[in-house]
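The next block holds one structure in the form of structure tokens; read it before the comments.
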2 protein chains.
Amino acid sequence: MVKLSGGVEWALHCCVVLSAATEPTPATKLAELHDVSPSYLAKHLQSLSGAGLIHSTQGKSGGYLLTRSAADITVLQIVEAIDGATPAFRCTEVRQRGPLAASAESCTIPCGIARVMGDADRAWRESLGAVTVADLADELSSTAGPATLPRVNRWLQTGT
Amino acid sequence: MVKLSGGVEWALHCCVVLSAATEPTPATKLAELHDVSPSYLAKHLQSLSGAGLIHSTQGKSGGYLLTRSAADITVLQIVEAIDGATPAFRCTEVRQRGPLAASAESCTIPCGIARVMGDADRAWRESLGAVTVADLADELSSTAGPATLPRVNRWLQTGT
DNA sequence: GGTCTTGTACTCGGATAACACTTGTCCGAGTGTGCTGGG
DNA sequence: CCCAGCACACTCGGACAAGTGTTATCCGAGTACAAGACC
């Protein structure tokens with residue numbers, strides 16, 4: 001089954017929230033806001049940190065912050081940070097196996113099946129790469145109201 | 001990790017081969033041709049049969065055959081038969097959870113994140129749905145030579 | 001010689017274990033903050 | 001009153017189990033073919 005890690009959804013929501021944050025936000029707060037497991041969310045935030053999308057500061061008032069403008073972070077980058085950048089389809093070169101195997105030197109170019117799957121994968125990634133976190137934030141303001149993100153930001157800071 | 005079942009590759013190859021076959025081909029022969037586990041390949045062929053893409057006949061000279069012209073079977077149909085038609089991304093409605101949860105009646109339309117992921121999934125499926133098994137067979141004839149498929153067919157029938 | 005019966009060998013189909021990966025959790029290392037004591 | 005030192009509390013980071021889905025396998029049900037016996 002072609003299945004995406006559930007943590008991708010959390011990571012996307014967190015990035016949208018962080019795009020409105022002005023001060024470092026700890027993982028605990030983000031987990032409480034979304035009502036998910038703090039430990040497990042922390043794991044995914046580590047992945048985002050490792051990919052260079054968010055920056056972590058330790059210490060008492062530490063937490064996570066975007067490393068650059070939300071307009072410069074695409075959904076694709078977040079998905080690949082969490083889920084890996086390897087294509088969903090991996091060609092095992094079946095044509096080179098069995099009694100009628102093709103010679104290795106005739107297989108310099110990928111077979112038709114691998115090319116079709118690769119094209120589809122590319123279309124998927126291109127679609128995800130066309131949307132930025134800023135777009136998601138704008139979309140949220142349009143549908144849920146412009147006060148949504150500031151309200152979330154206030155809750156993160158003061159708890160009310 | 002977004003990962004596709006390995007059996008998808010086998011199923012696609014089998015369908016291309018079957019598009020050139022004129023008589024029922026048993027799963028054993030297909031497994032031997034591709035040098036893969038016969039039992040496991042049989043499982044995937046069952047899925048294709050259940051989806052109505054191939055038809056099975058039992059008995060001594062039985063086997064599998066396409067139910068319709070190769071030009072009427074798309075790659076997408078094969079992938080969905082093996083791997084399921086459920087989208088890779090499943091929205092868990094995070095916005096309705098936590099201390100700042102949105103009301104249920106304000107969530108009649110999917111959130112922006114779910115829409116972006118849905119669009120990407122649609123692009124992926126659209127790309128796969130544009131290619132038919134006949135296209136793959138033609139492509140194979142162009143790159144590996146026009147004699148390839150007839151030769152495979154002869155091997156399936158006579159073993160030489 | 002033709003036809004019916006029977007046996008056989010071959011096919012698919014679904015139920016059954018082993019493995020891998022995702023999911024979920026925990027505790028230790030590191031660091032900024034705030035307090036305390038002294039100058 | 002100002003500054004240095006220190007202890008603390010809070011943060012992230014990576015290492016450690018449990019659940020779920022994929023991978024791989026086997027054996028039983030069903031069927032067409034072929035041989036053989038009978039008319």
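Throughout, protein chains are lettered first and strands after them, A, B, ... in sequence-line order, and every chain is numbered starting at 1.
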request  = Would you please test B:L12 and A:V116 for side chain to side chain contact (heavy atoms under 4.5 Å, CB included) and show each step?
outcome  = CA-CA 11 Å; B:L12 286 168; A:V116 169; over 6 Å; no
request  = Quick one: do A:D119 and A:R122 satisfy side chain to side chain contact (heavy atoms under 4.5 Å, CB included)? Show the steps, please.
outcome  = CA-CA 5 Å; A:D119 287 344; A:R122 221 165 292 127; 2.9 Å; yes
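Looking only at side-chain heavy atoms (C-beta outward), B:E80 and B:R125 come within less than 4.5 Å of each other. At a threshold of 4.5 Å between non-hydrogen side-chain atoms, the residues B:C14 and B:L41 count as touching. Between A:R68 and A:L53 the shortest side-chain heavy-atom distance falls below 4.5 Å. Inter-residue side-chain proximity for B:F89 and A:V79 is flagged as unmet; no heavy-atom pair is nearer than 4.5 Å. With a 4.5 Å cut-off on side-chain heavy atoms, B:I82 and B:L48 count as touching.
Taking for each of B:K43 and A:H44 the nucleotide of DNA chain C with the nearest heavy atom, the 5'-most of the two is the partner of B:K43. Map B:K60 and B:S49 each onto its nearest nucleotide of DNA chain C; the residue landing nearer the 5' end is B:K60.
In this entry the distance linking CG of A:L48 with C1' of D:dG13 reads 14 Å, nearest Å. Separating the CG atom of A:L45 from the P atom of D:dG14 is a distance of 13 Å, rounded to the nearest angstrom. One atom, OH of A:Y40, and another, C1' of C:dC21, lie 10 Å apart when rounded to the nearest Å. Atom P of nucleotide D:dA24 and atom CH2 of B:W10 are separated by 5 Å, given to the nearest angstrom. When rounded to the nearest whole Å, the span between CD of A:E9 and P of C:dT22 equals 18 Å. One interatomic measurement links the two molecules: CG of A:L41 to C1' of C:dT23, which rounds to 13 Å at whole-angstrom precision. Counting to the nearest Å, the C1' atom of D:dA24 and the CG atom of B:D35 are 15 Å from each other. Atom-to-atom, CD of A:Q46 to C1' of C:dC26 comes out at 12 Å; the value is rounded to the nearest Å.
The side chain of A:S39 lies closest to C:dC26 when the candidates are C:dC26, D:dT23, C:dT23.
A salt bridge (charged side-chain N to carboxylate O under 4.0 Å, His left out) with A:E93 holds for exactly one of A:R95, A:R97, A:R90; it is A:R95.
In this model, a donor atom of one side chain and an acceptor atom of the other lie less than 3.5 Å apart for A:T132 and A:D135.
A:S37 has a side-chain polar atom (N or O) that falls below the 4.0 Å cut-off from OP1 or OP2 of C:dT25.
Residue A:G63 is in sugar-phosphate contact alone, with no base atom involved, counting any heavy-atom pair closer than 4.0 Å across all strands shown. A:G6 comes within contact range of the sugar-phosphate backbone alone, with a heavy-atom separation under 4.0 Å but no base atom that close.
Of the residues in residues 51-59 of chain A, A:S56, A:Q58, A:G59 come within less than 4.0 Å of DNA chain D through at least one heavy atom, sorted by number. Using a 4.0 Å cutoff on non-hydrogen atoms, the parts of residues 23-31 of chain B near DNA chain C are B:P26, B:A27, ordered by number.
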